[in-house]
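One structure is given here, and the rest of the page talks about it.
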There are 2 protein chains.
Amino acid sequence: MDTKGHRQHTGRRRNEAARQAILDAALDLLADADGAPVSVETIARAAGVGKQTLYRWWPSKGAVLLEALTDRAAQEVPAPDTGTLRGDLRALAVATFEAAQYPPTAPALRTLVREAARDPHLAELMRKFTESRRAAVHEILERGRQRGELPADRDPELLVDQFYGLFWYRFLLGHAPLDADTAIRFADSLLG
Amino acid sequence: MDTKGHRQHTGRRRNEAARQAILDAALDLLADADGAPVSVETIARAAGVGKQTLYRWWPSKGAVLLEALTDRAAQEVPAPDTGTLRGDLRALAVATFEAAQYPPTAPALRTLVREAARDPHLAELMRKFTESRRAAVHEILERGRQRGELPADRDPELLVDQFYGLFWYRFLLGHAPLDADTAIRFADSLLG
DNA sequence: TGTTGCCGAGACCGATAGTCTCGTCAAGGG
DNA sequence: CCCTTGACGAGACTATCGGTCTCGGCAACA
């Protein structure tokens, strides 16, 4: 016990290899499942690790899955600045749709959202995870508004929701493509 | 055994009161849960019925839940025909958003979608369930196109997905309102 | 060398979907 | 009028899962 409120670390240290193995196994299984549930048992077994090692470092299964996605697969979304509102929105839509088309990100993200539907803890983590993406759209719209490219009566919040509403709808249902051509037509559709 | 391939019904008949009790209980619990899972045990107990009676007549829990919603709560969506594309789309958006705001439909639908995320059988039933709603939007757009109110380069499929994409996104996340004013602004936003 | 704390392994708990069995009860045929 | 059929409520049972707990072992540091 020291005066700074934390004490010296004693005993065995955290095994970094186990952490890596867990995240690797989680992402593999997540990507392979493509929507189907992934159990903790399966992750631990695939990582050659005890379940307790998992729960010692993560608060829930969802936290492990989300970290596996963010650490290994979820590339940063660019914040395009092409000089025009239409250009920015097109670029962001293309990048967003593109990232959601290929493994391991796409199937892992699909599984994660499905899990979040039943796991309030994961749902909250996902909400935070997606918040930065929403903020990126907001910034694009705000820059456009300042340039006079966005009519004052357009509600930015509604536009952001339209953007991600369509994205998630098509991503989760998978009934229609999310290719670059669609992205550009979609961005243009949003701006009218 | 008769020559027509079906045989005489013998034995005790299906208890219609039990069927009603199951659907009533399911809708009540579905609405009360508002997203939280509803177990088969709970439904059967609330209906005063054995679990086997449930599984004798429905293939899965999801099927019971969906039938409870469609039989008891899901009012038919109007197919508005106001004479203009904008009027029709506004009316449908207002009606759709309205239906998703109040119990028991709203919380029951939320629970159902969450369950569908983990139950492929239910997901397929839900897909069929929502198909007629999508068709209604398609019809509105097609009438508008024939009247020359919709530019030929607008993709109707994309517009339908934009319509339900935003709806589900806001409905499931619940972070922004789905009131009549929003519905009208949204319809106008879609048409540009 | 002893204390601390992580390790893998797996038993354990509680909840759940779905199956199976039991004794009972209703409907119709012979 | 009874006997066969099949639905009924009840609940035991299986299998799966998230999460907790305990065990013997081991690594790091004092």
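By convention in this document, chain letters (A, B, ...) are assigned in the order of the sequence lines, proteins followed by strands, and residues within each chain are numbered from 1.
A donor N or O paired with an acceptor N or O is not found under 3.5 Å between the base of dG9(D) and the side-chain atoms of Lys51(B).
Between Asp119(B) atom CG and dT16(D) atom P there is a gap of 17 Å when expressed in whole angstrom units. Atom CG in Leu54(A) sits about 11 Å away from atom P in dC7(C), given to the nearest Å. The distance from atom CD of Glu41(B) to atom C1' of dT16(D) is 16 Å, rounded to the nearest whole Å. In this structure, CD of Glu115(B) is placed 7 Å from P of dA17(C), rounded to the nearest angstrom. Taking atom CZ on Arg19(B) and atom P on dC8(D), their separation rounds to 12 Å, with Å as the unit. When the P atom of dT16(C) is taken as reference, atom CD1 of Ile43(B) falls 11 Å away, rounded to whole Å. One can place CZ of Arg45(A) at 7 Å from P of dG10(C), the figure rounded to the nearest angstrom. Protein atom CD of Gln20(A) is 17 Å distant from nucleotide atom C1' of dC7(C), rounded to whole Å.
The side chain of Gln52(A) lies closest to dT20(D) when the candidates are dA7(D), dT20(D), dG18(C). Distance from the side chain of Arg13(A) is smallest for dA28(D) among the nucleotides dG18(D), dC7(C), dA28(D). Taking the side chain of Tyr55(B) as heavy atoms from C-beta on, and the options dT20(D), dT19(C), dC8(D), the nearest nucleotide is dT19(C).
Map Asn15(A) and Gly11(A) each onto its nearest nucleotide of DNA chain C; the residue landing nearer the 5' end is Gly11(A). With DNA chain C read from its 5' end, the first of the two nearest nucleotides for Arg12(A) and Ala18(A) is the one closest to Arg12(A). Nearest-nucleotide mapping onto DNA chain D: of Trp57(B) and Arg118(B), the residue sitting toward the 5' end is Trp57(B).
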Derivation of the salt bridge (Lys or Arg N to Asp or Glu O under 4.0 Å) call for Arg145(B) and Glu142(B): CA-CA 5 Å; Arg145(B) 192 192 59 76; Glu142(B) 173 58 16; 2.7 Å; yes
Applying side-chain contact (heavy atoms from CB on, under 4.5 Å) to Leu141(B) and Asp88(B), what does each step give before you reach the verdict? CA-CA 9 Å; Leu141(B) 294 175; Asp88(B) 285 357; over 6 Å; no
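Checking Gln162(B) against Arg170(A) by side-chain atom types alone, no donor-acceptor pair falls below 3.5 Å.
Cation-pi geometry between Arg14(B) and Trp57(B) is met: under 6.0 angstrom from the ring centre, within 45 degrees of the axis.
Note on Trp58(A): nothing from the nucleic acid sits closer than 4.0 angstrom, heavy atoms only. Among the protein residues, Val38(A) comes within range of the sugar-phosphate backbone only, with heavy atoms under 4.0 Å from sugar or phosphate atoms but none that close to a base.
In this structure, His138(B) has its ring center at least 6.0 angstrom away from the ring center of Phe163(B).
Side-chain nitrogen and oxygen atoms of Thr53(B) include none within less than 4.0 Å of the OP1 or OP2 phosphate oxygen of dA7(D).
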